[in-house]
Amino acid sequence: MFKHLARRLAVLALLAISAMTGSPERSVAADPDKLNIAVILSAGIESAWDGTLIEALERAKAAKPHGLEISWKYTDPLWGDDAGDAMRLFAESGEYDVIWAHSTYSDQVKKLREEFPDILFVVVGSGNEGLGGNQYWVYKRVHEPAYLLGFAAGKLTKSNKLGAVGTFPADDVNDEINAFFAGAKAANPAVERTVAFIESWYDPAKAGEYTKAQIATGADLIFQLTGNFKPCEEAKILCFGNFQDQKSFSPSTVLSSAVAQWDPDVSWIVDEWWAHKAEGKPYQGNTDKRWFAMKDGGSAVVPNAELQGNVPAAVQTEIDELKAKIMAGSFEVPVDVSDPKAK
């Protein structure tokens, strides 16, 4: 009970202080010139999931779509009733136009969205329910760059054994792992795979243990979705980063990263809010997943320039040609969300 009360008081305090990007101020003009966003974080801005969203908001702020001054406040990681309480406090304050709940929060939004019909609510990723109306369901798939990483791994492996260490076996985790191994198989049919899940969003010790186990079985390249590259450093093998450019985590091992980019998602939400606020159009939130492909700016591959000498020129040419086909839409990476197994 005391923990719950402390959380609520912390959110109240958050609403009382200025945001890192400036205090929201409501415009009384008919045409909006400000957009104020409340962000419910699920893991913290140090995590790739939340940090990449804040980076995209920074870019939107600089771009000033529709001439808007964009500002936001974000919470500490919140779940369940604490997240619902924070959403209500943001909504009741009257200062926020969009409440962006950056994970699986449709249960909490369901209790609020009809009470606050002018607020645009956002939920993100797997596990949500598509409610429509003033709830929008943002989805993120990074399977296309993961396929390219897998293709590179298939070409570079010497043991023909590759590993992947994931968080949870969820729709938007499975798609990346399956795409990685599909790319590897396309490059090298002899590839064998090992897959492990740490069953946590953050557990460096378990991530390290599982990564070491894969290396011990002969895996000489690892798709690391859990952020622990220390075993790769110790074994002197190359790894691939996930969801953000992770070369700074381990400059000597992260060959390339599959990166999530929320820019088109943010633009979509801003445009939907603008159409409602400035043009009087009703909210028409999606009831099914909507995600932006690599060619639409929803994801990217970011190589580590310092390690590109490990990639033979002929292999890099093949990777570049495959990437060009994906960007042109002439090659489609299948979305496979089945539970990935070792094969």
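Computed from a prediction, not measured in an experiment: that's the story for all the values here.
Counting only distance, with no hydrogens or angles, the side chain of Asp50 and the backbone of Ile45 share no donor-acceptor pair below 3.5 Å. At least one donor-acceptor pair closer than 3.5 Å links the side chain of Trp137 to the backbone N or O of Gly125. Gln214 places no side-chain N or O within donor-acceptor distance of the main-chain N or O of Tyr210, the cut-off being under 3.5 Å. Between the side chain of Asn36 and the backbone N or O of Ser71 there is no donor-acceptor pair closer than 3.5 Å. Between the side chain of Thr157 and the main chain of Ala153, no donor-acceptor pair closer than 3.5 Å is present. Looking at Gln224, its side chain does come within 3.5 Å of a backbone N or O of Thr226 through a donor-acceptor pair. Counting only distance, with no hydrogens or angles, the side chain of Asn128 and the backbone of Val124 share a donor-acceptor pair below 3.5 Å. Remark: the backbone N or O of Leu238 is not paired with any side-chain donor or acceptor of Thr253 at under 3.5 angstrom. For the pair Ser256 (side chain) and Val302 (backbone), a donor-acceptor distance under 3.5 Å is present. Using modelled atom types, one side-chain atom of Trp79 and one backbone atom of Ser42 make a donor-acceptor pair closer than 3.5 Å.
More than 12 heavy atoms of other residues, nucleotides or ligands lie within 6.0 Å of CD in Glu115, so this atom counts as buried by the packing criterion. No more than 12 heavy-atom neighbours from other residues, nucleotides or ligands sit within 6.0 angstrom of NZ on Lys230. Taking a 6.0 Å sphere around CD of Gln308, one finds it holds more than 12 heavy atoms contributed by other residues, nucleotides or ligands. For Glu306, the CD atom sits in a loose shell: 12 or fewer heavy atoms of surrounding residues, nucleotides or ligands are nearer than 6.0 Å.
One finds the OG1 atom of Thr211 at 10.5 Å from the CD atom of Glu234 (value rounded to the nearest 0.5 Å). To the nearest 0.5 Å, the span separating CD1 on Ile198 from CG on Asn228 amounts to 9.0 Å. Residue Asp81 holds its CG atom at 12.0 Å from CZ of Arg88, rounded to the nearest 0.5 Å. Note: Glu114 CD to Gln135 CD = 11.5 Å, rounded to the nearest 0.5 Å. Within the model, atoms OG of Ser159 and CD1 of Ile237 stand 8.5 Å from one another, a figure rounded to the nearest 0.5 Å. Taking CD of Glu92 as the reference point, atom CD1 of Ile119 lies at 9.5 Å (rounded to 0.5 Å).
Residues Ile222 and Phe243 do not share a hydrophobic cluster, clusters being chains of Ile/Leu/Val/Met/Phe/Trp/Tyr side chains in contact below 4.5 Å. Hydrophobic clustering (side-chain heavy atoms under 4.5 Å, transitive across Ile, Leu, Val, Met, Phe, Trp, Tyr) groups Ile99 together with Phe116. Taken together through direct or relayed side-chain contacts under 4.5 Å among Ile, Leu, Val, Met, Phe, Trp and Tyr, Trp291 and Val337 form part of one hydrophobic cluster. Residues Trp100 and Tyr74 fall within the same hydrophobic cluster, defined by Ile, Leu, Val, Met, Phe, Trp and Tyr side chains chained together at heavy-atom separations under 4.5 Å. Under the 4.5 Å side-chain heavy-atom criterion for Ile, Leu, Val, Met, Phe, Trp and Tyr, Ile54 and Val142 are members of the same hydrophobic cluster.
Remark: Asn134 pairs with Arg113, Phe121, Tyr283 by the side-chain contact (heavy atoms from CB on, under 4.5 Å) rule, at least two apart or across chains. Residues satisfying the side-chain contact (heavy atoms from CB on, under 4.5 Å) test with Pro251, not counting sequence neighbours, are none. Checked against side-chain contact (heavy atoms from CB on, under 4.5 Å), Asp263 has the following partners two or more places apart in sequence or in another chain: Ala56, Arg59, Gln261. A search for side-chain contact (heavy atoms from CB on, under 4.5 Å) contacts involving Thr287 returns nothing, not counting sequence neighbours. Residues that satisfy the side chain to side chain donor-acceptor pair (under 3.5 Å) test with Ser257, not counting sequence neighbours, are absent from this structure. Lys325 meets the salt bridge (Lys or Arg N to Asp or Glu O under 4.0 Å) test with no other residue; sequence neighbours excluded.
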Working for side chain to side chain donor-acceptor pair (under 3.5 Å), residues Asp172 and His143: CA-CA 9 Å; Asp172 46 3; His143 70 299; over 6 Å; no
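Between Phe249 and Gly227, the shortest heavy-atom distance links the atoms CD2-O, 4.2 Å. The two residues Asn310 and Leu156 make their nearest non-hydrogen contact at O-CD2, 3.6 Å. Val333 and Ala179 get closest at one heavy-atom pair: CG1-CB, 4.2 Å. Between Gly44 and Pro77, the shortest heavy-atom distance links the atoms N-CG, 3.6 Å. Here the closest non-hydrogen pair linking Ser93 and Phe90 is OG-O, 2.7 Å. When all heavy atoms are compared, the tightest approach of Val266 to Ala60 is CG1-CB, 3.9 Å.
Between Val123 and Thr104 the shortest side-chain heavy-atom distance does not fall below 4.5 Å. Taking the side chain as every heavy atom from C-beta outward, Phe151 and Ile319 approach each other to under 4.5 Å. You'll find the side chain of Met87 reaches within 4.5 Å of the side chain of Ile40, heavy atoms only. Side-chain contact check for Trp274 versus Leu35: every heavy-atom pair is 4.5 Å or farther apart. Looking only at side-chain heavy atoms (C-beta outward), Pro340 and Arg193 come within less than 4.5 Å of each other. Using a 4.5 Å heavy-atom cutoff, the side chains of Val98 and Val122 are in contact. Pro303 places none of its side-chain heavy atoms less than 4.5 Å from the side chain of Leu255. Between Ser299 and Phe292 there is no side-chain heavy-atom pair separated by less than 4.5 Å.
A ring-ring contact (aromatic ring centres under 6.0 Å, His included) check over residues 250-270, counting only residues at least two apart or in different chains, returns the pairs Trp49-Trp262, His102-Trp262, Tyr136-Trp268. Sorted pairs that involve residues 98-108 and meet salt bridge (charged side-chain N to carboxylate O under 4.0 Å, His left out), not counting sequence neighbours, are lacking altogether. Residue pairs meeting the salt bridge (charged side-chain N to carboxylate O under 4.0 Å, His left out) criterion with at least one member in residues 281-293, sequence neighbours excluded, are Glu279-Lys281. The salt bridge (charged side-chain N to carboxylate O under 4.0 Å, His left out) contacts involving residues 138-148 comprise Lys140-Asp265, Arg141-Asp171, Arg141-Asp175, where partners must be two or more places apart or lie in separate chains. Within the structure, side chain to side chain donor-acceptor pair (under 3.5 Å) contacts touching residues 239-249 (residues at least two apart or in different chains) are Asp245-Lys247.
The distance between the ring centers of Phe331 and Tyr147 falls below 6.0 angstrom. Two rings, from Phe223 and Phe180, have their centers less than 6.0 Å apart.
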Below 3.5 Å, can you tabulate the donor-acceptor pairs from side chains in residues 160-170 to any protein atom, sequence neighbours excluded?
from	atom 1	to	atom 2	distance (Å)
Asn160	OD1	Asn188	ND2	2.8
Lys161	NZ	Thr217	O	3.3

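Residue Ile177 is tested with Asp336, Asp339, Val195 for a side chain to side chain contact (heavy atoms under 4.5 Å, CB included); the sole match is Val195.
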